[in-house]
Amino acid sequence: MRKILALLLAVAMVFVLAACGGGTGEKDPGEGSTGEKQVVVGINADYSTFDPAHAYEKSSRMILHEVYETLFRFSAEDDAVIENDLAEDYTISEDGLTYVITMRQDAKAVTGKILDAHDAEFCFKRLINLKGNPSFLADPIASVEATGDFELTIKLKQPTPAILAILCDSAFSVYDSEAAQENGATLDPATDSAQSFFDNNSIGSGPYKLVSYTPNVEVVMEKNEDYAGTSAKIDRVVFKHINDSSMQLMSLQKGDIDFAFDLTASQLETLTDENIIVRNYPTQDIFFLHMNVDETIGGPLANPDVRRAIAYAIDYEGLRELAGNDPSTPMNIIPSGFPGYAGESKITRDLEKAKYYLEKAGYPDGFTFECGAIPDMATDGIAFMDCAVKIQSDLKEVGITMNIQADEVSVYLEKLRSAKYQANIGMWGPDYLDPASQLAFMPGETVGLRSNWTADMAPELAELTAKAKVETDPEKRAELFKEIQIMYSEIPGPVIVFVQPNRALAMSKRVKDVHYSSAYMLIFHLMDIE
Amino acid sequence: MVKNKILRFIKKNPLATIGALVCILFFLVAIFAPLIATHDPLAQNFANRNRPPSSVHFFGTDNFGRDVFSRVVYGTRISLPAGFLVVIFSCIFGGIYGAVAGYFGKMLDEVLMRIVDIVMSFPSLVLAMALAAVFGKTMSNAILVIVLVWWPKYARMMRGLVLTVRETEYVAAAVALGEKKSHILFSTVIPNCVAPLLVMASADLGAAILMFSGLGFLGMGAAPPAPEWGAMVSDGAKMLNYWWVSVFPGAAIFIVSISFNFIGDALRDLLDPKLRNLE
């Protein structure tokens, strides 16, 4: 009896050891068991799903863009250039409402099926019907129909010049509709159950395929051998969820990861390792103080003069220094790099003016308000909490007391989306690389409503917004966007933009051919390692 | 006589003496913080960010150009009261709870003590973090959640003490006199159980400060920009190249909690008759 027990114990131990060995063996980047090339990314990831009809996070696009193809895409070389992906050619009707798109016939999904217009029709309809987070992108679309096996006709509700840029978004990924339906995908939100399937599998025709996703741990994708374009050189990409920036730094220095996405400015400043390089990439993100204009929630912040006072009290130069990587401050909601950019902010810190406007608003001795911020989180190297602390100290000098409310991401987003914050430190990356995306900040639009800013509170601006949305002439359009920014600053709107950061990406020197796009972040299928 | 006694105590307990002196020093720092601090702990100075220790900034400056020395000094005004409040509230609530359970006994005892078992079966820091996330992250909530995970051990101890005292003659006498049960509990039983509880409380002070700092480190303590030691260590940990930002507040936490531990040990030796007899 004792012998049998001993034997069992020994066998158990062997298994445990084997399991441990397997676990640690995979950690070395670039050293797969068969000499395959592997890249490991350390990121404080905000993705929670890889269902194209549900995913709407900055970092999920980086993965979706690699595993699915879209009709059009932004060039990896230049964000401002839109190139064909699944589309081969397209025509626009004279009224600007009907787009007929011919598709390539060689896009083979990992399931073996050639993707055609019927797949695209199903995918787009599912996106529209499920009303997930990215579904609003499809709002301009009136109908989608496969008018041939490889011909897709998209009808719009009104002329939408930004539609090609919108179709570049990963939400418009095309996948094998039959395989999707076998795994629960339907066009009815009540019966659709494919999300968990999409989280762990991909059925698209991109250069990679999704292998596994463990929330808060890692995402793994591997090369798709059937990809119709130039095959990827890296065989496997692992995204490790590392929420702490100092952990990312240590992992990068140890060589456990090849990319560290979320290092703070001060960490980058002092990075001297010879195996690591830091590159700056322009972002179209903006950081801002977001104030609620509903008097019952925002209190004094609902008063335009108070917002003016705050705009003059903020030390923009200090915030830019805190952000690092030599960023700029746009006038307001439209960042540089977009057509219609109105130039840098003309407001600089002026405490006299701030006090003047405070007095005018009836708060000569200041007031107190609550400002939400996410603790321990940095985007583009900027820690939200640091911005909050800096602004708090700036406002203190004119007698305004800002109490910081530290809320975890999920709590923060919930409060923000239901417009419960009196104020918050916000960050916005455009939905698609077109200034029309920034119109969300306008009264009555998504972000505007998060501060309870309705269209009737600024009717003139709302009218301009409506015009800008449909204007097809590029020059007039740019003019309209400039007018919008000037009017926004005059009101002033609920948002004070203080920084448009540059993204500094710290990476291992062994990684070559790194392309970074504002829309898709890192482009892995063009990358190589030594 | 008294002088001799003190001298003997010092000779016998050199660590406790050092601990006591250090604690007194920290209390004085807390009281006279505005006189000791060289700068405003909240004043930012962007021209002077992340400077190493110097004759102007004894402990250097942090990411916002704030003087780390002044922040550590003002930190005493947060951590010391927080530690005391945690221990006092835990003691009062846990003590009364345990006394009631022990004195009335039977079903009430069973129910109350099973609740204690449930609370104690959670890892305390994890439970505190969960509660802090629910209640919101402010300093008073941090104190509250630590009390919520700490009171059970006082309840247990008090119950044990009450069970012994309940059987003594003077309690029997009070019962014979026809006193009300609740009156006996508060006027006779509890006063006779308080001393060991206080010993335990004083020994716990260091741990309470440590736990409070731990919550602060995890971003669940006092709201920024309050100069809370744990939060300062956390800030500094993000930029290890500027070691002074985290090392000095970290050292303050270490010194204070170890000093309180020394005192607690000595007090236990001194006041707990059972332990004293063992030597």
Side-chain angles (χ1 to χ4, degrees), chain A residues 243-250 253 262-273 315-324 349 370-378 381 383-397 401-411 415 425, chain B residues 39-52 60-67 70-71 129-142 215-228 230-246 250:
Chain A
N243 57 1
D244 189 52
S245 57
S246 47
M247 276 298 293
Q248 284 190 12
L249 179 61
M250 270 195 277
Q253 284 169 331
D262 306 286
L263 300 190
T264 61
S266 52
Q267 286 169 336
L268 291 164
E269 246 168 55
T270 51
L271 203 57
T272 50
D273 303 52
D315 172 19
Y316 301 94
E317 210 173 306
L319 279 158
R320 284 196 293 267
E321 195 184 316
L322 196 62
R349 190 168 206 222
E370 298 275 327
C371 178
I374 307 172
D376 290 323
M377 184 159 146
F384 290 81
M385 201 41 97
D386 283 358
C387 299
V389 170
K390 171 68 183 144
I391 291 175
Q392 180 182 47
S393 132
D394 292 346
L395 297 185
K396 187 117 210 153
E397 285 182 49
T401 308
M402 177 175 118
N403 293 322
I404 300 172
Q405 170 84 39
D407 284 322
E408 291 302 332
V409 188
S410 53
V411 181
K415 276 192 183 172
I425 302 294
Chain B
H39 295 73
D40 177 350
L42 302 181
Q44 303 180 358
N45 180 359
F46 267 60
N48 230 343
R49 296 170 61 203
N50 299 323
R51 292 291 157 84
T61 62
D62 68 5
N63 195 23
F64 294 93
R66 296 176 299 203
D67 182 50
S70 306
R71 287 176 68 73
M129 282 168 63
L131 290 171
V134 173
F135 290 147
K137 296 158 187 170
T138 63
M139 179 168 160
S140 47
N141 281 348
L215 280 183
F217 181 81
L218 296 167
M220 299 189 172
E228 201 277 313
M232 290 168 71
V233 173
S234 160
D235 284 347
K238 286 176 196 124
M239 24 181 211
L240 289 172
N241 319 57
Y242 310 125
W243 55 269
W244 54 91
V245 182
S246 55

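Side chains are part of it too, since the values below use all heavy atoms of this structure and drop only hydrogens, waters and symmetry mates. In what follows, chains are A, B, ... by sequence order, proteins preceding strands, each numbered from 1.
Contacts classified as salt bridge (Lys or Arg N to Asp or Glu O under 4.0 Å) and involving residues 40-50 of chain B (residues at least two apart or in different chains) are given here: A:Glu321-B:Arg49.
The part of B:Phe64 that comes within reach of chain A is its side chain, from C-beta onward, which places non-hydrogen atoms under 4.5 angstrom from that chain. Heavy atoms closer than 4.5 Å to chain B are found nowhere in A:Leu263, neither backbone nor side chain.
B:Arg71 pairs in a side chain to side chain contact (heavy atoms under 4.5 Å, CB included) with only one of the listed residues (B:Thr61, B:Leu42, B:Val245), which is B:Leu42.
In terms of heavy-atom pairs under 4.5 Å with chain B, the best-connected choice from A:Asp386, A:Leu249, A:Asp407, A:Ile404 is A:Asp386.
Within the 4.5 Å cutoff, the side chain of A:Gln405 has no heavy atoms near those of the A:Cys371 side chain.
Applying the side-chain hydrogen bond (donor to acceptor under 3.5 Å, both in side chains) test to B:Ser246 and every residue at least two apart in sequence or in another chain returns nothing.
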